[in-house]
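Worksheet: the structure to be examined is printed underneath.
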There are 2 protein chains.
Amino acid sequence: MELSRASTVNVYNTRGRALVRVTITQVAVHAGVSVASASRALNGQIASAKTVAKVQQAAEELGYVADATAQSLKLGRTNQLAYAVADIGNPVYVEMMTAIERVVSASGYRLVLSSTGTSSSSVDVVRDLGRGYVDGMILSPLRVTDELLSALAKTPTPVVVLGRLPDSATLDTVRADSITAMRLLVDHLVEEGRGDVVFVNGPSDTTPGALRRDGFAAAVAAHPAISARSVGADDFTIAAGYAAALRVLQEHPRPDAIVAANDLIGIGSIQAATDLGLTVPGDIAITGVDNTELAGVIRPGLTSVDLGAEERGRVAAELLLARIEEPNRPAHTVTVAPSLVVRGSSRARTQGPAVSPPSHRTEASDLNDERAAR
Amino acid sequence: MELSRASTVNVYNTRGRALVRVTITQVAVHAGVSVASASRALNGQIASAKTVAKVQQAAEELGYVADATAQSLKLGRTNQLAYAVADIGNPVYVEMMTAIERVVSASGYRLVLSSTGTSSSSVDVVRDLGRGYVDGMILSPLRVTDELLSALAKTPTPVVVLGRLPDSATLDTVRADSITAMRLLVDHLVEEGRGDVVFVNGPSDTTPGALRRDGFAAAVAAHPAISARSVGADDFTIAAGYAAALRVLQEHPRPDAIVAANDLIGIGSIQAATDLGLTVPGDIAITGVDNTELAGVIRPGLTSVDLGAEERGRVAAELLLARIEEPNRPAHTVTVAPSLVVRGSSRARTQGPAVSPPSHRTEASDLNDERAAR
DNA sequence: ATGAAAGCGCTAACAA
DNA sequence: TTGTTAGCGCTTTCAT
């Protein structure tokens with residue numbers, strides 16, 4: 001094992017730790033009953049009070065905990081569900097995870113998070129989770145390939161997909177409505193008097209990238225008077241958004257609005273504009289997508305369209321629980337409606353610095369900003 | 001199942017999905033061999049080429065995947081490790097997770113993330129993971145209680161703790177050096193001519209909160225000439241930091257420096273100062289802890305002390321792998337040295353807006369800013 | 001090289 | 001109410 005030269009390492013004697021696993025057989029022997037009685041006593045099945053007492057004391061004394069793999073093998077379920085997501089660095093996925101966790105833990109499941117991004121592909125993750133580690137999984141794939149669809153079709157484990165799938169795939173799915181979302185943003189900018197809009201996308205070979213690009217194209221088509229085009233950032237991150245926006249803002253003529261494909265790109269765009277000495281929204285209006293907490297925290301506040309991450313997570317979890325309960329039920333596709341949240345970054349006039357807490361859409365202080373959509 | 005009124009729901013017919021799990025027995029029958037031969041063929045044990053071919057084809061045709069729980073029960077290991085963390089919304093934990101994942105996946109383990117924050121306590125998580133779901137775990141507890149120490153002592157699963165433990169606990173541990181970290185920050189601020197410093201802590205009943213508070217107190221004790229005090233934010237978040245800083249900055253006399261207990265509180269403090277019409281660093285210098293990506297992204301850049309999250313994660317993973325391999329080895333405590341990263345938020349004079357990409361400490365553009373520590 | 005059989009730790013059906 | 005026993009799916013001796 002290599003350790004950094006900068007580190008200090010101390011070594012202590014290991015106390016005698018109980019690295020051995022105590023089994024139910026040992027508990028039964030210790031309590032003077034059969035393993036069946038021990039199992040029943042431990043699981044609240046019918047057993048005499050005397051037996052229960054003896055077994056519980058024996059279990060306590062020996063530090064018994066039931067082995068999860070043996071229990072799972074016998075019972076055919078693990079009481080574990082997985083949320084598999086590519087990019088846990090994006091706050092919107094953390095928000096979804098929190099919503100999912102709330103629902104599944106209320107139903108007695110533990111949620112484990114599988115990060116598909118780093119070393120393994122989503123296909124590997126689906127295959128692996130399909131081996132019985134979990135009773136069901138919620139998948140947020142960044143790219144939907146034929147290989148992934150085939151893995152999804154083959155896995156015996158119930159799956160719910162967050163994101164768009166081809167119509168041919170009849171799986172439970174929860175989707176955002178990118179078309180409406182982009183229309184809300186473009187309509188808003190046009191209302192605010194912007195006429196030269198650039199869409200700063202993430203990678204367009206990802207599902208969200210393709211959908212938001214198409215949504216933007218459809219939205220601007222409804223406004224023949226404005227000028228619009230798209231560029232791509234390398235990633236859905238602040239740094240990539242910064243780099244892409246820097247290029248866009250140094251062109252001539254400079255656009256008067258940037259529609260970023262997500263909040264991170266939008267925040268990078270605000271920083272780029274500020275570093276170029278431009279004012280937001282005076283010189284340039286900037287909007288994001290996802291309405292993450294950061295959008296309310298940055299100055300100026302980032303106008304963003306809320307894709308309902310919390311609701312999508314919650315619904316996905318509910319669909320998964322329903323499918324586990326009834327494996328052959330028809331597949332559902334749920335589309336969650338977006339809503340626009342207008343903040344300072346896209347208004348026609350700048351407001352003076354006001355003392356108000358950074359707000360998120362769930363906070364009352366934000367309600368003034370919010371506009372209903374659809 | 002309840003669905004939001006705003007949502008659209010479509011229902012399709014379910015294609016006949018293979019919800020049944022195919023076992024190795026079925027593969028063996030299909031291939032015309034015994035289960036033992038099938039197992040050997042599948043696992044690369046000695047078997048004739050003919051047998052291997054037959055078995056592999058049968059497995060392919062039937063879509064066989066070995067059941068994880070049965071395999072785990074038989075082999076006594078799961079090939080899974082867990083990272084249990086309270087607050088996955090904090091980017092520093094994501095950074096650690098990424099480092100951990102890199103190490104463990106190189107050794108053939110899958111990493112699962114257990115979020116201890118939301119519904120269950122860390123004690124529950126330790127107990128649950130100790131049931132055999134995983135071969136080992138890395139724990140980042142926010143609070144170290146006697147109950148947690150007792151659960152840690154009892155679990156048969158190898159554990160590495162990220163954070164400080166009482167000296168009586170002889171477990172593998174990886175720690176940051178809060179004392180040195182806070183000293184680096186305070187020394188830097190004094191050098192820059194600041195003389196009235198407020199420490200905006202997170203909850204001081206957490207381990208990081210207590211350590212950073214003590215570190216700050218020790219650091220200011222070395223500078224009798226400056227005035228210093230501490231206040232507490234409700235949480236290690238941007239919003240809580242904003243609220244706490246707002247209070248501090250409205251007092252008279254106003255301090256000329258804020259030392260925030262982490263970057264999120266520091267960013268909230270910058271926003272609060274800006275919203276009050278103060279300039280950073282002109283009117284007030286602000287520093288953070290953790291050197292997360294956000295510190296390089298915000299304007300002005302947030303001076304921060306890097307606690308070595310990447311290294312701590314990597315070392316923790318290495319310690320865990322070493323312990324799994326050799327369960328009775330002596331316990332190691334590794335302390336990772338901090339380093340100061342100076343950015344615009346704490347300099348004596350403000351620099352004009354410069355066009356440079358948002359930088360993180362790993363990027364070359366940041367090297368100019370960085371000062372070696374220790 | 002292959003097959004029969006034991007057994008990982010647990011729960012549940014059946015008998016007593 | 002309790003104990004005996006089968007068996008979840010897999011790997012691995014042990015014979016052959």
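Proteins get letters first, then strands, A, B, ... in listed order; numbering begins at 1 in each.
- Between Tyr83(A) and Val104(A) the shortest side-chain heavy-atom distance does not fall below 4.5 Å.
- Using a 4.5 Å heavy-atom threshold, the side chains of Pro141(A) and Thr207(A) count as separate.
- At the heavy-atom level, Ala36(B) lies under 4.0 Å from base atoms of the strands shown.
- Within 6.0 Å of atom CD in Glu147(B), 12 or fewer heavy atoms from other residues, nucleotides or ligands are found, so the atom counts as exposed in its surroundings.
- The phosphate of dT11(C) (OP1 or OP2) has no side-chain N or O of Gln45(A) nearer than 4.0 angstrom.
- Counting non-hydrogen atoms of other residues, nucleotides and ligands closer than 6.0 Å to CD of Glu325(A) gives a total of 12 or fewer.
- Contact annotation: Gln71(A) reaches the phosphate of dT11(C) (side-chain N/O to OP1 or OP2, under 4.0 Å).
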Protein N or O to nucleotides 14-16 of chain D N or O, pairs below 3.5 Å:
none

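- Donor-acceptor pairing under 3.5 Å is recorded for the side chains of Gln57(A) and Glu61(A).
- The minimum heavy-atom distance linking Thr78(A) with Gly132(A) is given by the pair CG2-O, 3.3 Å.
- Summarising the geometry, the separation between CG on Asn43(A) and P on dG9(C) is reported as 17 Å, rounded to the nearest angstrom.
- One can place CZ of Arg131(B) at 12 Å from C1' of dG9(C), the figure rounded to the nearest angstrom.
- Residues from residues 48-66 of chain A that place a heavy atom under 4.0 Å from any atom of DNA chain C, listed by number: Tyr64(A), Ala66(A).
- Atom CD of Glu318(A) sits about 12.0 Å away from atom CG of Asp172(A), to the nearest 0.5 Å.
- You'll find the side chain of Leu81(B) reaches within 4.5 Å of the side chain of Leu321(B), heavy atoms only.
- Here dG7(C) is the nucleotide among dG7(C), dG9(C), dT2(C) with the atom lying nearest to any side-chain atom of Lys74(B).
- Residue order along DNA chain C, read from the 5' end via each residue's closest nucleotide, puts Val35(B) first among Leu75(B) and Val35(B).
- Taking 4.0 angstrom as the limit, Ser39(A) places a side-chain polar atom (N or O) nearer than this to OP1 or OP2 of dT11(C).
- Residues Gly130(B) and Arg21(A) share a closest heavy-atom pair of O-NH1, 3.0 Å.
- Residue Ser37(B) places at least one side-chain N or O closer than 4.0 Å to OP1 or OP2 of dG3(C).
- For Ser34(A), whose side chain is taken as the heavy atoms from C-beta onward, the closest listed nucleotide among dA4(C), dG9(D), dT4(D) is dT4(D).
- Distance from the side chain of Ile46(B) is smallest to dA1(C) among dG3(C), dA1(C), dG3(D).
- Each of Leu73(B) and Val33(B) was assigned the nucleotide of DNA chain C with the nearest heavy atom; the assignment lying further toward the 5' end belongs to Val33(B).
- Of the residues near DNA chain D, Thr25(B) and Ala38(A), the one whose nearest nucleotide (by heavy atom distance) lies more toward the 5' end is Ala38(A).
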